[in-house]
Amino acid sequence: MRFFSLFIILCCGFSALAQTPLPKDSLNPVDMDEVVVTATRSERLLGNTAVPVTLIRQQMIRQSGSLRLNDILGEQTGLFITQGFGRGVQMQGLSPDYTLILLDGEPLIGRMGGVLDLTRLTVGNIRKIEIVKGPSSSLYGSEALAGVINIITDGSGQRKLTADARYGRFNSTDLSVDGATRLGRVRLTGFVNYNSTQGYSLLPNSIQKTVEPYWRLTGQQSIAYDISDRTHFKASFRQHHEDIVNSIVVQNLGSQLLSKGKELNNDYNITPSLSHRFSDRIKTTLRGYGSEFSSRQLLDVAGAANSYNDRFRQRFIRIEDQTDINLGEAFSLNIGGGHILETVRSNRYDSLETERRNTIDYAFLQQEWRATDRFIITGGVRYDRNATYASVWSPKLAVQFRPKSNLRLNASVGRGFKAPDFRQLYLNFTNIAAGSYSVFGSLVAGEEIRRLQADGQIDQVLPAFGLLQDLKPETSTGLNVGLQYDLKPGWQAKLNIFRNDIENLILTDIIAYKKNGGQIFSYLNVAEAFTQGVEVEMTAKSFKKLDVSGGYQFLITADKSVLEEIRGGRVFKRDVSTGISSQLDRSAYAGLPGRSKHMANLKVFYGSESDRWTANLRVIWRSRWGTSDLDGNGLINRDDEFARGYLQVNLAGGFRVNRMLHLMAGIDNLFNYSDPYNLPGQPGINPFLRLSLKNPGKKDNQLSIK
Amino acid sequence: MKINIIRILSFSVLLSVLASCEKNDNGGGNLVVTTQTVRDLPGDTILGINTATGQPYGAGKYTFYSLENNKVVSSADSATAKWDIGFRGTTIITNSGNSGPGQGGGFVFTGLFDDLKTIPADSTFRTDNAPTSYAITSGSNRGWYVYNAPVNLVTAIPGRVLVIRTGSGKFAKVEILNYYKGGVTPATTDSDDIKLRRQRFFTFRFTYQPNGTKSF
């Protein structure tokens, strides 16, 4: 109720200001004249990129009632939201570790278990999201192996003031205020978001909640100053804080032990940049970027004298320059380079006093040749020289051919990589409770094993220990071949066939056994895997105000060494009822866990003639996916080793009361689907209400691309 | 202390002549080796959880078994060659080394039970050196089982055969079929309580070759 009074105040403030309605816009960017920046690190028309690019616009995000980044990404073709270490995104069948998440072009840090938790990101101030599929390490370096998601916030500086409040089930509250103004040559933006929930339990009679209460606060500000027509300065700042209740219940033959605690995460980003256009042909941009992520977990363990206190702090500092050169009509060139310093302190690695660091120097080059109006070739290469692990080259080549004005054929091949993270290099963790196992990072494992050997604690050192060496980055070669066909204005079909071959996959492997039976794990470049599939998307504006779109992805994945073992007849399965073992056929191997073979979505958006009413229906379906091996062969092959596939239907509708006030209501997960074990983040049916106030300013309220 | 009355084992010659009973004529004799299945053999079932370590515990006693006679051997006879294998949780011992005075030994063979018709000549039989090493290697994913921590279940690895040299120096092959009561692994969603109470009940099948050869 206190939020309601806030709105009354805001209403009064807003009503004094003049209003002009926003222009009508298409939800689905079938318009190939839209400008995108992520595919080539420079402004390109969507239709002129030879790599698969998906664009999600603000209007769709708002009409869908999305709050966090995972909400909107989960409704896109081929993207699978994973659960575990928060919400991650699986792209082209590759784990969340392998998709680079950029905020206004700068990489976000603070991955836990390889996952950058997407719930840390509000969508309240996002102007658009660009998704590039396929390796893009030739431009972005590490993590851009499956693809890149670039969240572009609204920094255009068009005067506006908006406020939003959404309230839903479980006291889930989301409040945002977003503003922008212009003072002469200075453009300012400011945004603040508060998000909280009381959490929920999907299992009855459980002390521990499925999702515990949390609250989050995000602030983002930017200042842009046009020093001259040719020289521009911009800086943006972001702060995020989250406070999550943490409780763990241990069962002990009927009695329950409850440990309570908290998880506190903070991140900060600062992004200053200076760009200068020397002439029509040459422009250079110097960008600095500093980011810090810190996490603290406190747990008062039941029955234990000392509370558990886990601390982690990561810093990322980068300076980079990119120069864009136009060599006549047909050629353009992007040259860049930079330096990165990354540091981590954590009591998981050593002590808080020890700072682990890595530096990277890199350079990249991209060249585009527009041979004719119908033929574009883009080639690029990047070199990353790393201080603590092997260096890496990332090349890429993309070709677009337009045999007809409404048909585009695209093909691209590239290499992507993911650098070993600090956990894989330096982790020093021993779990005394659960079987006394230890995990050592590859750079500290040798020393730790020798120390334990000297103490007489080692039973056996395995051959894998001898394989320990400087970790190589995980690399992938990705191939994307596709076409886009424009049937008529507003009607489009897209097809993309992809294959990713991943090498040097870093997995944990047992390197030694302790005399007490405990296992010692470390990280090794041992595995090879592939993912391949087909993605189809269709968009149609069937009536004047009806946008219909649908997408489907078919996906096959496998661990290559498992395939070899199966071919060699060394992989077995066990019948549930008889317990008898038999050989596993290739057809029974379901590939990498956590992947759905089929995923599809259908979206229908309606807007009335006056644009006063809007309504939409979004349907998301995914087939079963492997969760856990139960017959002891370490693979997903039996029906009970899958999570059930499901269909989710989301509905939302909006009504513009007047120029200032907009109301929205929606129901996420209309059919109340839930799966407490495999989808803990899916709370079941979730109705919500949203109230928005806006004043788009007196003039220039039309969104334009800067 | 609660002493579990060891259940009378229902052993069945379940494999019919046609289906799966291996009938071999070895070395000119007319001995027929049969495959027997033992169900729900308790191997130190859980009494509780140690609150300090969080680890479950039982009475700490092995259940000794004679493959030759297809029956449980009293623990009073643990220091004799009368038993062939012993079960205590996931640890399986042979009547060898420091586990017993017999001529036992063993190793874990990778392959199918039915495909193991003759123990390869170059096989090395290991002996027990408890508690650091066992003929039947202990530890998750190291010998005959895998422990899946997230779902808290122990599963016998398919395609693993325990090749056993018995207390009296004869040969047998054993396949562990299940670690839980009734030969049914609890569902992943069952409570930890159920998972604890039902575990350490072995269901296994074995073939014992009484003529001393390594063929089955």
Side-chain angles (χ1 to χ4, degrees), chain A residues 84 203 206 249-257 301-304 431-437 458-460 462 510 513-519 565 569-584 627-635 637-638 640-641 643 675-678, chain B residues 14 20 37 39 46-56 90-91 110-115 131-133 137-142 144-161 175-179 183-185 187-189 191-193 195-197 203-205:
Chain A
L203 295 169
S206 149
V249 176
V250 177
Q251 302 273 344
N252 185 5
L253 292 178
S255 71
Q256 291 181 320
L257 291 172
V301 183
N431 189 331
I432 296 153
S436 172
Y437 72 88
I458 298 290
D459 171 30
Q460 186 192 357
L462 297 183
I510 301 169
Y513 289 101
K514 292 187 223 176
K515 283 199 172 140
N516 64 6
Q519 300 163 323
E565 291 281 304
R570 296 183 294 272
V571 182
F572 307 94
K573 63 181 197 286
R574 192 183 292 283
D575 186 275
V576 193
S577 50
T578 65
I580 304 295
S581 298
S582 60
Q583 241 160 34
L584 184 83
T627 52
S628 185
D629 167 51
L630 297 175
D631 64 353
N633 59 10
L635 306 176
N637 57 284
R638 231 165 58 175
D640 58 350
E641 297 174 349
D675 180 344
Y677 299 99
N678 301 303
Chain B
L14 55 73
S20 46
T37 301
R39 297 181 194 282
I46 305 287
L47 297 176
I49 290 183
N50 181 328
T51 44
T53 64
Q55 299 292 304
T90 53
T91 305
T110 299
L112 293 177
F113 185 83
D114 293 339
D115 291 350
T132 55
S133 78
T137 321
S138 64
S140 173
N141 216 6
R142 229 180 145 183
W144 67 270
Y145 76 94
V146 62
Y147 173 62
N148 184 337
V151 299
N152 191 18
L153 289 171
V154 170
T155 309
I157 303 171
R160 295 288 183 278
V161 184
E175 184 183 18
I176 310 292
L177 303 177
N178 201 287
Y179 186 65
V184 179
T185 305
T188 50
T189 52
S191 67
D192 283 346
D193 216 50
K195 290 172 185 173
L196 281 180
R197 287 177 200 278
T203 295
F204 62 92
R205 61 171 173 165

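Lettering of chains follows the sequences in order, A, B, ..., and the numbering in each one begins at 1.
No other option in B:Gly139, B:Ala156, B:Gly183, B:Ala187 has as many heavy-atom pairs under 4.5 Å with chain A as B:Ala156. Ranked by heavy-atom pairs shorter than 4.5 Å toward chain A, the options B:Val151, B:Thr203, B:Thr189 are led by B:Thr189. In terms of heavy-atom pairs under 4.5 angstrom with chain B, the leader among A:Leu584, A:Leu203, A:Leu630 is A:Leu630.
Qualifying side chain to side chain donor-acceptor pair (under 3.5 Å) partners for B:Asn141, counting only residues two or more places apart in sequence or in other chains: none. Here A:Lys573 pairs with A:Ser582 under the side chain to side chain donor-acceptor pair (under 3.5 Å) rule; sequence neighbours left out.
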With side chain to side chain contact (heavy atoms under 4.5 Å, CB included) as the test, would you mind laying out the steps for A:Phe572 and B:Thr110 before giving the verdict? CA-CA 10 Å; A:Phe572 307 94; B:Thr110 299; 4.0 Å; yes
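From A:Gln460, atom CD reaches atom OG1 of B:Thr137 across 8.5 Å, with rounding to the nearest 0.5 Å. In this structure, the separation between OG on B:Ser138 and OH on A:Tyr513 is 9.0 Å, given to the nearest 0.5 Å.
In terms of modelled atom types and a separation under 3.5 Å, the side chain of A:Gln519 and the main chain of B:Ser140 share a donor-acceptor contact.
Contact check for B:Asn178 versus A:Arg574: no side-chain heavy atoms found under the 4.5 Å cut-off.
Contact of A:Asn633 with chain B is made through backbone and side chain together, with heavy-atom distances under 4.5 Å. If you measure heavy-atom distances from B:Asn148 to chain A, the contacts under 4.5 Å come from the side chain alone. Interface remark: A:Thr578 contributes backbone atoms only to the contact with chain B (heavy atom separation under 4.5 Å).
The heavy-atom pair separating B:Pro158 from A:Ser581 by the smallest distance is CA-OG, 3.4 Å.
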